[in-house]
Structure formats: structure tokens, C-alpha cells
Amino acid sequence: MTEQVRLNKFLRERNISLEKFKSIITPLNLGIEFRPTSKINKKIINLVEAFLTIEDDKKSLINESELFDFSKSTEGTLLRLRKINPQPQTIFKFYSKDENGYNLDALKNKYFFHNCYRSFNDPFDCNINLVSFEKNGKLKKTHKNKRESFIGKLDNIGICCFTGKKNSILMWSHYADSHKGYCLEFIKKENELFPINYINDFSQTNYYENVKDSEFHITYSKSIEWKYENEYRSIITNINNNDSNSRKIKFDEKRLKAVYFGVNACDELKSDIIDILKNNYSNFSEIQLYESLLMNGSFEIESRKINNK
């Protein structure tokens with residue numbers, strides 16, 4: 001027989017109020033009478049205790065984040081951000097309708113191109129001044145050499161940018177050729193990417209205190225003004241700048257979940273992309289296609305599914 005206890009005894013032992021108990025149970029429509037003498041079974045007890053544990057853990061994380069210094073994008077900071085913020089199950093990447101066909105080539109041959117930071121539109125992105133090379137308050141010649149070496153290392157990394165949102169007017173405008181391009185949705189692996197750390201102040205790490213922390217800080221820090229992008233990054237090292245293929249990282253075709261065409265995307269682009277998917281993706285029938293539309297009476301974009309047959 002299922003173990004049962006009186007409600008008032010349970011509340012007294014757990015030091016919670018009847019109102020708190022009601023707020024947990026009422027949304028579940030279990031038909032429980034909220035009288036002190038009512039009896040509740042073990043399943044209800046376990047459910048309430050699980051809810052209270054999650055609530056306590058959440059409070060603990062919030063308190064930790066309030067005390068933690070997020071001004072520097074160390075690996076520990078990024079791990080904490082990934083823990084306290086809900087991670088998307090899918091990620092999005094915007095593409096413009098480029099004249100040279102590089103973006104369509106990436107789709108056809110199933111790779112993510114990892115750019116050099118020097119091509120980014122934010123001049124503070126990977127800015128060397130985010131790292132201090134002073135030691136004991138001085139910048140000696142040997143420290144300047146370390147600085148130059150660090151810059152050279154930066155030139156040999158590749159960065160591929162993704163976002164957790166697809167219907168941002170600004171993102172479509174900035175990264176999809178004023179809505180003439182398209183957006184790809186990919187299934188995200190758990191703990192695959194680090195999020196960008198958006199910071200209020202131009203804080204520095206010190207190279208001599210922790211080189212790895214400086215590498216993370218310079219590649220994952222952006223001004224708070226960019227927070228609307230909700231960016232995630234894939235970063236690879238040891239790029240051969242004489243071989244552009246070293247910047248091309250293959251992806252599994254089954255990770256491509258959907259394609260969204262911009263509000264101003266032309267029929268030719270749509271046709272080209274559909275042909276690429278038909279001819280190169282064995283899972284074409286599973287890939288969802290959407291057109292983007294302006295919502296009536298709102299500054300928002302909505303997606304409408306189209307036939308991919």
C-alpha cells in the first residue's frame with residue numbers, strides 16, 4: 001500500500017506553508033483537497049520535495065552569479081555562463097547572398113568557414129588591448145615581444161559565429177545582406193560551444209597571470225551593446241594562412257534542421273539552395289524550409305513553412 005501522511009504533518013516537518021504547497025500542486029490539477037487533515041501519498045511528497053530542491057538550486061546559482069566577477073571572460077566564466085543560462089537545442093547562422101558564391105559552396109560541401117578576427121565588423125572584437133602585457137607595472141622589450149607573439153597567434157585562429165535567435169531584424173539586416181540572404185538552423189550538441197560574454201567595461205586580463213585566461217578573454221568578450229546577438233562561437237587553432245581549406249570545418253549533414261529565406265530573398269537564391277540540398281543532402285526530405293514574412297501591425301518577423309518536395 002502506498003505510504004500516506006497527513007498534510008499538516010508534512011508541511012510542519014518540511015517547514016513550508018499551505019499556500020506554498022498549493023502553488024506547487026494546483027497547476028497539476030491532481031484533485032487534492034487542501035485541508036490540514038488531508039492525506040498525501042509518497043508520489044506527491046517526492047514531487048514537492050523535487051520542486052523545492054530545484055528552487056533552492058536556482059537560488060544558489062543566482063546568488064553565485066551575483067557574487068561572481070563576470071568582467072573577464074575566463075574559461076571558468078564561460079562555463080558558469082553556460083550553466084546558469086538555458087542553452088538552445090538548435091543554433092542559427094546567417095548568410096548573405098554573396099556574389100562569389102562562397103556561402104553556397106559552404107552549404108554544398110557542408111562546412112563552416114572559420115574567419116580571421118580581422119574581418120569582423122566590431123573593431124573591439126579580439127582587440128589586443130583586452131590583454132595587458134605589463135609585469136610589475138612595466139612594459140619591457142621582452143614583454144612587447146610577448147605581445148607581438150600573442151598577436152601572431154591570434155592571426156592563426158579561426159572563428160565561426162552562431163546565434164541562438166533567428167527572427168532578429170538587426171541580425172537579418174547586418175548578416176544576411178539586408179534580408180536578401182538566408183539563415184541555417186543546426187542541431188546543437190550539448191556543451192558544444194561557448195557563449196559570448198557581454199561586458200560593460202573594457203576590462204583586461206594579465207598575460208603573465210594566466211595565458212589561457214587571456215586567450216579566452218580576448219576571443220569571447222564583447223561590449224554589452226552586442227548582447228542582442230546572443231552569440232555562440234566555434235574556435236579552431238593552428239590555421240595555415242596559406243591554405244584557406246584549413247578554415248573549413250566539415251559538419252554532419254544530419255545536423256542541418258532548417259533553412260529560412262530572408263524577407264527580401266529572390267526566387268533565384270531559393271531555387272539554388274533547394275537544388276543544392278536536393279543534390280547533396282541525403283536527408284533533404286527532413287530539412288524544413290521557411291520563408292520569412294513581416295508580421296502585420298508589429299515590428300517582428302514570422303516564419304512560414306514551405307513545401308520542400
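Index from 1, following the sequence.
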Charged N to carboxylate O under 4.0 angstrom, [X] versus [Y]?
{"X": "Lys110", "Y": "Asp252", "value": "no"}
{"X": "Lys166", "Y": "Glu185", "value": "no"}
{"X": "Lys165", "Y": "Glu231", "value": "no"}
{"X": "Asp98", "Y": "Lys180", "value": "no"}
{"X": "Lys153", "Y": "Glu215", "value": "yes"}

Ring centre gap for [X] and [Y] strictly below 6.0 Å:
{"X": "Tyr208", "Y": "His143", "value": "yes"}
{"X": "Phe94", "Y": "Trp172", "value": "yes"}
{"X": "Phe112", "Y": "Phe251", "value": "yes"}

- Task: Return the minimal non-hydrogen interatomic distance between Arg247 and Asp155, and the atom names on each side.
- Result: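 Here Arg247 and Asp155 meet closest at NH2-O, 3.5 Å.
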
- Message: I need the single residue from Tyr290, Phe261, Tyr95 that forms a ring pair (Phe, Tyr, Trp, His ring centres under 6.0 Å) with Tyr182. Which is it?
- Response: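 The single option meeting the ring pair (Phe, Tyr, Trp, His ring centres under 6.0 Å) with Tyr182 is Tyr95.
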
- Query: Does a side-chain heavy-atom distance below 4.5 Å link Thr37 with Leu7?
  - Reply: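 No. Closest side-chain heavy atoms not under 4.5 Å.
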
- State, with a plain yes or no, whether a side-chain heavy atom of Gln87 is found less than 4.5 Å away from one of Tyr232.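 When only atoms from C-beta onward are counted, Tyr232 and Gln87 do touch, with a gap below 4.5 Å.
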
- Test the Lys248-Phe113 pair against the cation-pi criterion, namely NZ or CZ under 6.0 angstrom from the six-membered ring centroid and within 45° of the ring axis.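 No, a cation-pi geometry is absent between Lys248 and Phe113.
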
Within the supplied structure, the quantity of interest is the number of heavy atoms (other residues, nucleotides, ligands) at a distance under 6.0 Å from [X] [atom1]; does it exceed 12?
{"X": "Asn296", "atom1": "CG", "result": "no"}
{"X": "Glu13", "atom1": "CD", "result": "yes"}
{"X": "Asn129", "atom1": "CG", "result": "yes"}

